[in-house]
Peer 1: 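Let me give you the structure first, and then I'll get to my questions.
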Amino acid sequence: MNFNKICVLGLGYIGLPTAATFATHGIKVLGVDVNPLVVETLKRGELHIHEPGLREVVEQALASGNLTVSSQPEEADAFLIAVPTPFHEDQFAEYEGRRYKLADMSAVVAATEAIVPYLRKGNLVVLESTSPPRTTLDLVRPILERSTLKAGSDFFLCYSPERVLPGQILRELVENARVIGGVTPESARAGHDLYAAFVKGQIVETDATTAEMVKLMENTYRDVNIAIANEFARLAEKFGVDVWDAIRLANLHPRVNILNPGPGVGGHCISVDPWFFVETAPELTPLIYHARKVNDEQPHFVVRRVSEALGGLSGKRIAALGLAYKADVDDLRESPAVEVVHLLQQEGAQVKAWEPFKPHAGLKGVDMSPNLEDALKDADAILLLVRHTEFTRLDPADVAAKTPARIVIDTVNGWHREAWLKAGFQFHRLGDTKSQIVNRQS
Ligand code: SAJ
């Protein structure tokens with residue numbers, strides 16, 4: 001199939017890089033977003049999100065004339081839906097005492113409805129948004145069929161998950177394997193033809209529900225793996241073991257790959273997607289549910305560790321380094337670091353936070369420093385919450401000169417114990433009470 005023009009609905013972290021990449025590969029792309037601010041920003045040639053390399057690709061796409069933006073779809077050969085699928089803030093359900101969240105599919109519904117007036121025979125529609133299993137068949141298909149056209153025979157319909165890693169989106173978009181799930185084999189083939197415009201990784205055709213499940217399985221696998229790492233960190237502390245060392249040694253086994261403990265699991269994928277399984281089959285998902293609970297509990301665990309290190313939290317001044325949900329990204333959504341800061345404050349600590357990727361994020365209830373020096377200058381302790389490269393490169397002696405603090409707590413294994421001890425700090429690390437024993441002995 002040939003695609004001369006496509007319409008991408010949703011210009012966020014996935015939609016915009018995808019739209020721009022299609023455009024730089026010679027396809028006319030109309031990017032559509034319901035948020036007028038996003039449309040205006042892009043029309044001015046500016047960006048509303050940060051992703052390495054994205055500015056250049058969007059500028060190139062706009063300059064070529066292949067990428068245009070609008071708040072309304074138009075007729076096209078293919079329509080891609082890349083809108084958010086968050087949770088309802090205030091709706092929960094319960095199964096055998098396990099309370100779980102419910103997906104808010106309203107953006108997918110609205111985007112699908114917006115396509116209906118423009119849908120023509122022979123078109124392709126692809127859902128990319130992460131969704132509960134059967135969304136393509138049971139939610140998207142019936143809405144599109146209101147056009148009186150039939151999915152699979154009059155138009156093609158696919159689910160194709162995005163699988164790119166924030167911070168690496170542009171490279172992974174091209175290089176990662178693509179799974180294309182069609183409502184019919186012909187639909188999957190049409191999806192294959194579309195993504196072949198730029199995907200260099202393997203393109204694999206399957207059915208729509210398998211593709212939906214694959215996406216959720218990937219992130220759920222990672223969530224459960226991180227949960228076990230977090231539980232190992234708790235166990236290591238109980239047994240006086242350094243969990244980071246223990247994981248490194250366990251991973252020498254050729255069939256073991258344990259991920260890293262940390263202050264919790266954030267972002268808009270791994271902390272969210274497992275709930276789509278729990279929501280659709282609560283009776284089958286006790287493990288997935290409990291892994292989520294372990295990871296959600298982790299910020300509380302970190303706060304207890306900080307409190308132990310400082311002999312209580314009331315009135316303590318803490319410099320919190322990093323608010324992003326993970327290293328070297330500017331995304332503060334669902335960030336465990338932000339939750340740790342809130343919890344510390346609830347316990348009476350005075351926290352100053354420094355986030356180099358978003359110094360002026362203006363987060364409600366968080367005292368953000370304009371620079372590292374400001375965060376450090378009156379601190380009693382330094383808490384490392386995100387493994388930003390900028391932080392791992394800090395020289396402890398240099399830090400010592402900028403702060404009265406002599407206690408550091410590293411929750412992400414970003415720092416070398418010996419270097420901080422040498423610079424006169426007491427050193428604490430999540431999942432590693434050995435550090436404290438060394439401190440006491442030294
Ligand atoms: N984290 C840990 N320990 C680890 C790894 C991560 O605590 O060992 C934490 C991070 O700090 C972060 C969270 O988990 O808070 C999630 O980070 P991540 O790097 O694991 O994943 P995301 O959410 O940035 O991106 C994931 C990716 N999925 C997989 O690697 C299976 C990406 O490929 C997906 O496209 C993305 O979810 C998505 O959109 O679904």
Side-chain angles (χ1 to χ4, degrees), residues 9-15 33-35 49 81-113 127-136 138-140 143 159 161-164 166 209 212-224 226-227 230 263-300 323-326 329 331-340 342-343 361 363-365:
L9 293 95
L11 297 175
Y13 279 93
I14 299 304
D33 204 290
V34 290
N35 183 345
I49 49 177
I81 303 172
V83 296
T85 46
F87 290 121
H88 285 291
E89 291 294 334
D90 47 0
Q91 288 180 29
F92 298 91
E94 202 169 307
Y95 178 82
E96 290 189 345
R98 303 199 290 267
R99 194 166 182 258
Y100 55 90
K101 308 179 183 187
L102 298 170
D104 176 356
M105 300 303 289
S106 56
V108 170
V109 169
T112 312
E113 285 173 343
L127 176 65
E128 282 209 13
S129 311
T130 306
S131 303
R134 294 196 62 90
T135 296
T136 309
D138 296 346
L139 186 71
V140 172
I143 296 174
Y159 180 79
E162 57 80 11
R163 304 155 96 195
V164 290
T209 310
E212 290 165 347
M213 220 179 134
V214 165
K215 166 71 190 193
L216 298 180
M217 280 164 54
E218 291 165 357
N219 283 348
T220 301
Y221 160 77
R222 208 164 156 81
D223 196 41
V224 174
I226 298 167
N230 284 332
V265 171
H268 219 63
C269 313
I270 296 200
S271 62
V272 176
D273 298 1
W275 290 117
F276 291 156
F277 276 142
V278 175
E279 169 180 351
T280 41
E283 73 289 2
L284 301 176
T285 47
L287 173 69
I288 297 172
Y289 173 87
H290 286 293
R292 262 303 51 250
K293 284 286 166 193
V294 168
N295 288 336
D296 275 352
E297 224 278 315
Q298 195 67 359
H300 295 265
L323 289 175
Y325 85 92
K326 68 172 188 175
V329 301
D331 194 343
L332 313 187
R333 294 177 303 171
E334 313 264 339
S335 171
V338 174
E339 194 182 344
V340 168
H342 284 309
L343 292 171
L363 276 185
K364 211 172 147 215

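Because the structure is predicted, anything quoted here is derived from the model rather than measured.
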Peer 1: Less than 4.5 Å apart, side chain to side chain, heavy atoms only: is that true for Arg98 and Pro286?
Peer 2: yes
Peer 1: Is it the case that more than 12 heavy atoms not belonging to Met213 sit under 6.0 Å from its CE atom?
Peer 2: no
Peer 1: When you compare the side chain of Ser129 with that of Met105, does any pair of heavy atoms fall below 4.5 Å?
Peer 2: no
Peer 1: Should the pair Arg163-Glu218 be classified as a salt bridge under the 4.0 Å nitrogen-to-oxygen rule?
Peer 2: yes
Peer 1: If you round to the nearest 0.5 Å, how far is CH2 of Trp275 from OH of Tyr289?
Peer 2: 5.5 Å
Peer 1: OH/Tyr100 to OG1/Thr280 distance, rounded to the nearest 0.5 angstrom?
Peer 2: 9.0 Å
Peer 1: Report, as yes or no, whether the 6.0 Å neighbourhood of atom CD on Glu94 holds more than 12 heavy atoms from other residues, nucleotides or ligands.
Peer 2: yes
Peer 1: For the residue pair Met217 and Phe277, establish whether any side-chain heavy-atom pair is separated by less than 4.5 Å.
Peer 2: yes
Peer 1: Hey, are Glu212 and Thr136 close enough side-chain-wise for a donor-acceptor pair under 3.5 Å?
Peer 2: yes
Peer 1: Side chains of Leu139 and Arg134, heavy atoms from C-beta outward: is any pair under 4.5 Å?
Peer 2: no
Peer 1: Just wondering, do Tyr159 and Pro161 contact through their side chains at under 4.5 Å, heavy atoms?
Peer 2: yes
Peer 1: Consider side-chain contact (heavy atoms from CB on, under 4.5 Å). Of Val265, Asn295, Thr220, which one does Ile270 pass it with?
Peer 2: Val265
Peer 1: Are Leu102 and Phe92 close enough that some pair of their side-chain heavy atoms sits under 4.5 Å apart?
Peer 2: no
